[in-house]
2 protein chains.
Amino acid sequence: MDSCKHEACVRKVPIFSDLDNEKINKLNSLVKQRKFKNGELIYLEGEIGKNIYIIESGLVKLYRSNEEGNQYILRLLKEGDFFGELVLFKEEQLSSSAEAVGDCTICMLPKDELEKLIKSSPELSYKLLSAITSRLNKTENKLQSLALEDAKEKTMRLLLELAKESGIKKENGILINLPLSRDGLANLIGTTQETLSRKLSALQQEGLISIQGQKKILIKND
Amino acid sequence: MDSCKHEACVRKVPIFSDLDNEKINKLNSLVKQRKFKNGELIYLEGEIGKNIYIIESGLVKLYRSNEEGNQYILRLLKEGDFFGELVLFKEEQLSSSAEAVGDCTICMLPKDELEKLIKSSPELSYKLLSAITSRLNKTENKLQSLALEDAKEKTMRLLLELAKESGIKKENGILINLPLSRDGLANLIGTTQETLSRKLSALQQEGLISIQGQKKILIKND
DNA sequence: CGTTGATTTGATTAGATTCAACATATGTGG
DNA sequence: CCACATATGTTGAATCTAATCAAATCAACG
């Protein structure tokens, strides 16, 4: 809970990484750390957002759900990613929910303080703009995918994305450690676990992938 | 083509609207105006983006298409909206195509110049952040809609959005002037024109809407 | 008034969801 | 370490929704 840990946290975030020491120290003094257990809710859609969250360690899923309780996972975040930032500048209410995937440690930075810092630091706003722009672009990619691709294409795209994010190169392909259950993965691409499971089996039969237990998939070369 | 027109254009854009006169004049001197005819391509996905585009008058659709030629319309833009901005900060290649819907007049601002201006104006970056953040939020809303809703729900949501954007209040409901053909509208919600047509008919039968010719729909009260 | 393009409707098909059964892991207490 | 209980994942069959292809209707315009 001391400043040493905080520093690590702030420094891990690319958009803060090359701020000068004075500003880093300022941020450190404002950050609070908290641990969340697997499945624990970090915040719920509709709440008033007062913080920006930074992942010190672990995974977090941001999702939305409708009245019938179906959920769609907007993003899966890892160490060094930040979230809750849509509440800066405009919105009061959080538009999605955040939940810990596995145990994780989260740093919280009061929104008001970050707003002040942003206003006084062109450098920082520029980086933030860059980060959010890139997110918008990724989100538009997903829109296109949901609108135009069928379940098999979306499944393959999901695997390729996971591979890009955190795939491990092997001599016969790229090994993926699946961060979520089938159900969670299905929610990432707007389908059901049964459909995902079928498509994975089909891809394996075609020789494109190899399903290794329930938490690993190898995308084969060629 | 003179500065008088340019000023109108720059002033129409909310994020520029309350810059000081010096900056407005700077922008005016950099802006070039061009007219596009209905259906004319403004830019194509994959091109290198060198400008930010501002709509002086008319409508523009931003869309993406896949190999099979299916298109998904990301956004429909109107007077005062700007686009092409994803290319600031990072991306070189444009990730979507832009096409004139009806005749329109577009102002173009060189990307490099805007980048300079942004770096020197915290106020402007703040507004831009706010604008892009709000866009990201809207895009996430669409994702949720595509992932979780069926064709009928998406159709109703589309009508409600159009009504919010540009609906005209009548004594018996809200009248919408449809900006696109059935096919275009269908592409906005990731479905086909036939399905959209069926869903509109169904909504009319249920008494929720009244289809008035091919370019107008009334959303009835209650 | 006829031609053209847009829209609606109909019939069929393809794809995904649902619900159910089965299989495979994971975890717990004896 | 095993047996059982619980989770998670896979497969099958029926159903349903939306896409596709084709035909019919409607609207706009010269």
### Task
For A:K32 and A:C107, indicate whether the former's side chain and the latter's backbone hold a donor-acceptor pair under 3.5 Å.
no
### Distance, rounded to the nearest Å, where A:N187 contributes CG and C:dT17 contributes P
11 Å
### Query
Under the 3.5 angstrom rule, does the side chain of B:E140 hit a backbone N or O of B:N137 as a donor-acceptor pair?
no
### Task
Rounded to the nearest angstrom, tell me the gap between atom NZ in A:K152 and atom P in C:dA16.
10 Å
### Under 4.0 angstrom between A:Q214 side-chain N/O and C:dT26 OP1 or OP2
yes
## Note on the structure
Separation of D:dA7 atom P from A:N38 atom CG, nearest Å, is 14 Å
### Task
Return the value, rounded to whole Å, for the distance between atom CG of A:N70 and atom C1' of C:dA16.
14 Å
### Message
Both A:D150 and B:S181 contact DNA chain C. Taking the nearest nucleotide for each, which residue is further toward the 5' end?
### Response
B:S181
### Summary
Separation of C:dA23 atom P from A:I211 atom CD1, nearest Å, is 18 Å
### Query
Any side-chain N or O of B:T191 under 4.0 Å from OP1/OP2 of D:dA19?
yes
### Task
Identify which nucleotide among C:dT7, D:dT10, D:dA19 has an atom closest to any side-chain atom of A:R182, counting heavy atoms from C-beta outward.
D:dT10
### Task
Report yes or no: does A:E149 contribute a side-chain atom to a donor-acceptor pair with the main-chain N or O of A:L146 at less than 3.5 Å?
no
### Message
Nearest whole Å is fine: how far is C:dT8 P from B:D183 CG?
### Response
12 Å
#### Entry: In D:dA7, glycosidic geometry as syn within 90° of 0 or anti otherwise
syn
### Task
Indicate yes or no: does A:K35 engage A:E56 in a salt bridge with an N to O separation below 4.0 Å.
no
### Task
For DNA chain C, determine which residues of residues 194-207 of chain B have any heavy atom closer than 4.0 angstrom to one of its atoms, and list them numerically.
B:E194, B:S197, B:R198, B:S201
### Query
If we call it a pair only when both distances are under 3.5 Å in a Watson-Crick or G-U wobble match, what pairs with C:dT24?
none
#### Entry: side chain to side chain donor-acceptor pair (under 3.5 Å) contacts touching residues 76-85 of chain B (sequence neighbours left out)
B:K12-B:E79, B:K78-B:E165, B:E85-B:R135
### Query
Do any pairs count as a side chain to side chain donor-acceptor pair (under 3.5 Å) and have a residue in residues 196-217 of chain B, sequence neighbours left out, and if so which ones?
B:K152-B:E206, B:S210-B:Q212
### Message
Can you measure B:L180 atom CG to C:dA6 atom C1' for me and round it to whole angstrom units?
### Response
14 Å
### Query
Mind checking whether A:F82 and A:F16 have ring centres under 6.0 Å apart?
no
### Query
Rounded to the Å, how far apart are B:E149 CD and C:dT17 C1'?
17 Å
